[in-house]
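Notes follow once the structure below has been shown.
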Amino acid sequence: MQEEKDKKALPPIARRPRGFNDIRVDVLANSQSIISAIMTTYKAWGFEPLETGAMEYSDCLGKFLPDDDRPNAGVFSLQDDDDQWMSLRYDLTAPLARFVAEHWDSLPKPFRRSAAGPVWRNEKPGPGRYREFWQCDADTVGSARPEADAEIIAMGGAALEAAGIGNADYCMKVSNRKLLDGLLQEVGVNVDDISSRLVIMRAIDKLDRLGETGVTDLLGAGRKDPSGDFTHGANLNPSQIDKILAFTRTRRDSRAATLDALSVVIGGNILGNEALEELAKIDATLTSLGVKSSNAEFDPAIVRGLEYYTGTVFETDYLRETKDENGRSVRFGSIGSGGRYDDLVMRFRRERVPATGYSIGVSRLMAALECAGNKPIAPEGPVIILCLDNDYIANYFKMAQELRAGGIAAEVYLGASGMKAQMKYADRRAAPLVVIEGSNEREKGTITLKDLKLGARLAQSIEDNSAWRAERPAQKEVARTDLVAEVNAMLAANK
RNA sequence: GCAGUGGUAGUUCAGUAGGUUAGAGCGCCAGUUUGUGGAGCUGGAUGUCGGUGGUUCGAGCCCACCCCACUGUACCA
């Protein structure tokens with residue numbers, strides 16, 4: 001009892017829930033610029049921005065309804081005061097389906113929507129995996145044409161390049177669910193047996209990581225991983241497995257060649273032919289949009305784990321080899337993915353509403369850019385006006401207002417420490433320069449401007465600290481009346 | 001979820017066969033005769049040694065359970 005009371009008296013330990021990140025100004029500046037580059041591209045291709053709320057009624061989000069046993073499995077859920085379950089959205093596609101179904105009659109069709117925002121998943125976080133993260137999506141709802149898929153694919157590449165990914169560093173890998181369904185029919189697997197179809201899809205999805213031997217195990221009896229964990233397999237026989245593996249090897253260096261190879265394997269099948277026709281149209285559209293095979297290729301080994309895709313599927317591979325801080329090479333998962341989901345809106349309305357879309361994971365994209373050595377944006381802080389003389393603080397505020405009126409971000413130091421500490425503060429705030437007015441300057445009607453960025457550059461050759469300080473480099477005494485003009489000149493000189 | 005590894009200052013780590021007041025680098029804070037950040041000088045602060053219980057005269061070190069982190073694996077609509 002007593003102990004419990006003592007525990008209660010302790011203050012809470014400041015800590016952040018795992019999987020949720022604090023984002024400081026340097027990272028924030030970069031993610032905002034990436035998001036804006038992507039959204040600008042989406043807009044240029046005719047996609048209208050739409051923002052929806054963070055929560056949806058759980059039954060609108062899909063199959064993951066909270067139940068009594070695990071009300072929060074996968075999603076964050078809570079019960080509203082009218083007892084309805086609500087959940088934080090786990091992607092931007094499900095809210096789109098809800099919105100479209102709700103407003104179908106008043107929407108222009110096809111409806112082309114872009115969206116950027118955070119999504120939440122109640123899962124175990126890992127490196128590069130968070131419980132809150134941003135996605136940038138674009139979707140075309142109400143067009144069944146393969147050209148709609150092609151356009152999304154081409155635009156996805158354009159968006160990535162706008163965000164800073166090099167043209168040679170990514171490849172959109174495109175396939176079609178119907179290819180696999182056709183193949184499974186031919187091989188004698190019951191396609192309507194959803195669970196075995198899913199096991200097979202997930203097995204193929206792991207090709208890049210586990211290789212053909214691992215996937216062979218997963219398609220057969222099952223696989224035991226090095227840690228001793230056992231994964232049940234699809235229990236196919238060796239000849240079925242061979243045919244599936246042969247199918248996954250039909251990728252060629254050009255889209256046309258892959259189509260030829262595929263038609264040999266799957267051509268006789270009705271679903272397979274449908275898929276081939278769609279892919280051929282996608283190829284033609286990509287070609288007319290100027291998208292090379294090196295940036296968008298057909299790869300039948302791409303299946304994607306998600307159940308809701310009905311046709312075209314694609315994901316974006318980041319190609320550049322990257323190393324972590326220990327020099328080990330890092331494998332990035334896809335930095336974006338998408339596909340056609342013709343049945344998602346059908347949950348709300350009886351009619352089938354074909355839709356296709358693409359989603360970019362912002363933090364993963366940032367990690368890729370960072371590993372590739374892209375120079376991050378260094379955010380710039382305000383001009384700091386030192387407060388050397390409390391009796392004259394009014395003067396400092398006046399200077400700040402003059403600078404702001406001149407379009408320059410400025411701030412008066414409001415702490416209580418000495419000059420050295422104030423310089424340190426300005427340094428930490430990434431201030432481009434500081435304004436100094438002590439009694440020396442005031443008596444002369446001048447101010448001293450110190451260029452922190454130039455100083456930083458000069459400091460690289462510093463050998464003797466006291467001499468360095470005596471020299472007072474990178475600073476300049478100017479007339480008080482020229483404050484705004486001189487600050488502007490110094491800022492311009494540093495661009 | 002399953003398996004392996006680990007948990008000592010803000011951080012990276014050291015801690016010798018269980019023995020007195022638990023250490024180092026970096027970082028942080030303050031001062032350095034009106035004046036100057038990023039590599040000067042001087043001084044300073046900081047740890048429920050992940051938690052709880054146990055063994056012991058004595059536990060950072062040994063034992064049990066729990067928590068958390070990392071790695072692999074599964075799931076990821």
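Below, chains carry the letters A, B, ... as their sequence lines are ordered, and counting in each starts from 1. Below, each value reflects all heavy atoms present in this structure, side chains not excepted, and no hydrogens, waters or symmetry copies.
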Open item on the list: Any side-chain N or O of A/R131 below 4.0 angstrom from OP1/OP2 of B/rC76?
Closed with: no
Open item on the list: In this structure, how many angstroms lie between the C1' atom of B/rA77 and the CZ atom of A/F133, rounded?
Closed with: 12 Å
Task: Integer angstrom distance from the C1' of B/rC61 to that of B/rU55 - done: 14 Å
- [ ] Take atom NE2 of A/H232 and atom C1' of B/rC2, then tell me their distance rounded to the nearest Å.
- [x] 12 Å
- [ ] Assess the side chains of A/N21 and A/R131: does a donor N or O sit below 3.5 Å from an acceptor N or O?
- [x] no
TODO: Please say whether the positively charged group of A/R112, taken as NZ for Lys or CZ for Arg, lies over the ring of A/F47, i.e. under 6.0 angstrom from the six-membered ring centre and within 45 degrees of the axis.
DONE: yes
- [ ] Could you check which nucleotide pairs with B/rC61 in any of the strands shown, counting Watson-Crick or G-U wobble with both distances under 3.5 Å?
- [x] none
- [ ] In whole angstrom, give me the gap between the P atoms of B/rG23 and B/rU33.
- [x] 33 Å
Open item on the list: Only pairs with both distances under 3.5 Å count, Watson-Crick or wobble alike; so what is the partner of B/rC70 in this structure?
Closed with: B/rG4
Task: Residue A/N390 excluded, over 12 heavy atoms near CG under 6.0 Å - done: no
- [ ] Using atom CZ of A/R98 as one end and atom P of B/rA77 as the other, report the distance to the nearest whole Å.
- [x] 21 Å
Open item on the list: Let's test this: given Watson-Crick or G-U wobble pairing with both distances under 3.5 Å, identify the partner of B/rU46.
Closed with: none
Open item on the list: Determine whether the aromatic ring of A/Y425 stacks with the base of B/rG37, defined as ring centroids separated by less than 5.5 Å and ring planes inclined by less than 30°.
Closed with: no
TODO: Identify, between A/R457 and A/W120, the residue whose nearest nucleotide on RNA chain B lies closer to the 5' end.
DONE: A/R457
Task: Nearest-Å distance for atom pair CD/C1', residues A/E56 and B/rA77 - done: 14 Å
- [ ] Pick base, sugar-phosphate or nothing for A/L386, based on heavy-atom distances below 4.0 Å to the nucleic acid.
- [x] nothing
Open item on the list: Strictly below 4.0 Å, N to O, side chains only: are A/R223 and A/D217 in salt-bridge contact?
Closed with: no
TODO: Specify the separation, in whole Å, of atom CG of A/N122 and atom C1' of B/rA77.
DONE: 14 Å
Task: B/rA74 OP1/OP2 closer than 4.0 Å to side-chain N/O of A/R202 - done: no
Task: A/E51 atom CD, over 12 foreign heavy atoms within 6.0 Å - done: no
Open item on the list: Checking base pairs now: Watson-Crick or wobble, both atom distances under 3.5 Å. What partners B/rG18?
Closed with: none
- [ ] Using both distances under 3.5 Å as the test, list the Watson-Crick or G-U wobble partner of B/rU32, or none.
- [x] B/rG40
Task: B/rG25 and B/rC65, which share atom name C1', separated by this distance in whole Å - done: 36 Å
TODO: Provide, to the nearest angstrom, the distance between the CD1 atom belonging to A/I436 and the P atom belonging to B/rU34.
DONE: 16 Å
Task: A/D342 side chain vs A/A355 backbone, donor-acceptor pair below 3.5 Å - done: yes
Open item on the list: Closest approach to the side chain of A/Y308, judged atom by atom: which nucleotide of B/rU73, B/rU36, B/rA77 is it?
Closed with: B/rA77
Open item on the list: Check this for me: A/H232, atom NE2, are more than 12 non-hydrogen atoms of other residues, nucleotides or ligands nearer than 6.0 Å?
Closed with: no
Open item on the list: Measuring from the side chain of A/M419 (C-beta onward, heavy atoms only), which nucleotide among B/rG37, B/rU73, B/rG35 has the closest atom?
Closed with: B/rG35
TODO: On the 0 to 90° scale, with breaks at 30° and 60°, tag the A/F76-A/F20 ring pair as parallel, tilted or perpendicular.
DONE: tilted
Open item on the list: Should the side chain of A/Q422 and the base of B/rU36 be counted as holding a donor-acceptor pair, with the cut-off at 3.5 Å?
Closed with: no
- [ ] Could you go through the side chain to side chain donor-acceptor pair (under 3.5 Å) check for A/D149 and A/T356 one step at a time?
- [x] CA-CA 6 Å; A/D149 298 311; A/T356 184; 2.5 Å; yes
TODO: Over all heavy atoms of both residues, which pair between A/A115 and A/L50 is shortest? Give the atoms and the distance, please.
DONE: CB-O, 3.6 Å
- [ ] Report the base-pairing partner of B/rA77 (Watson-Crick or G-U wobble, both distances below 3.5 angstrom), or none.
- [x] none
Open item on the list: In this structure, how many angstroms lie between the P atom of B/rU34 and the CE atom of A/M423, rounded?
Closed with: 18 Å
- [ ] Identify the nucleotide, in any strand shown, that forms a Watson-Crick or G-U wobble pair with B/rA24, with both distances under 3.5 Å; if there is none, say none.
- [x] B/rU12
TODO: Determine the interatomic distance between C1' on B/rA59 and the same-named atom on B/rG15; round to the nearest Å.
DONE: 14 Å
Open item on the list: Checking base pairs now: Watson-Crick or wobble, both atom distances under 3.5 Å. What partners B/rU55?
Closed with: none
Open item on the list: Does A/K453 reach a base, just sugar-phosphate, or nothing at all? Heavy atoms under 4.0 Å.
Closed with: nothing
Open item on the list: Work out how far the C1' atom of B/rC63 is from that of B/rG18, and round it to whole angstrom.
Closed with: 13 Å
- [ ] Would you verify whether the NZ or CZ of A/R442 falls within 45 degrees of the ring axis of A/Y392 while also being under 6.0 Å from that six-membered ring's centre?
- [x] yes
Task: Side-chain H-bond candidate by donor/acceptor type, A/E477 with A/T448, under 3.5 Å - done: no
Task: Length of the CZ-C1' vector between A/R209 and B/rC75, whole Å - done: 11 Å
TODO: Provide the distance between the two P atoms, one in B/rA9 and one in B/rA14, to the nearest whole Å.
DONE: 12 Å
Task: Residues in contact with RNA chain B, drawn from residues 439-452 of chain A - heavy-atom cutoff 4.0 Å - done: A/S439, A/N440, A/E441, A/K450, A/L452
Between the protein and nucleotides 28-31 of chain B, which nitrogen or oxygen pairs are less than 3.5 angstrom apart?
residue, atom, partner, partner atom, Å
B/rC28, OP1, A/R428, NH2, 3.3
B/rA30, OP1, A/S417, OG, 3.4

Task: Nearest to side-chain heavy atoms of A/D427, which nucleotide of B/rC76, B/rU73, B/rG37 - done: B/rG37
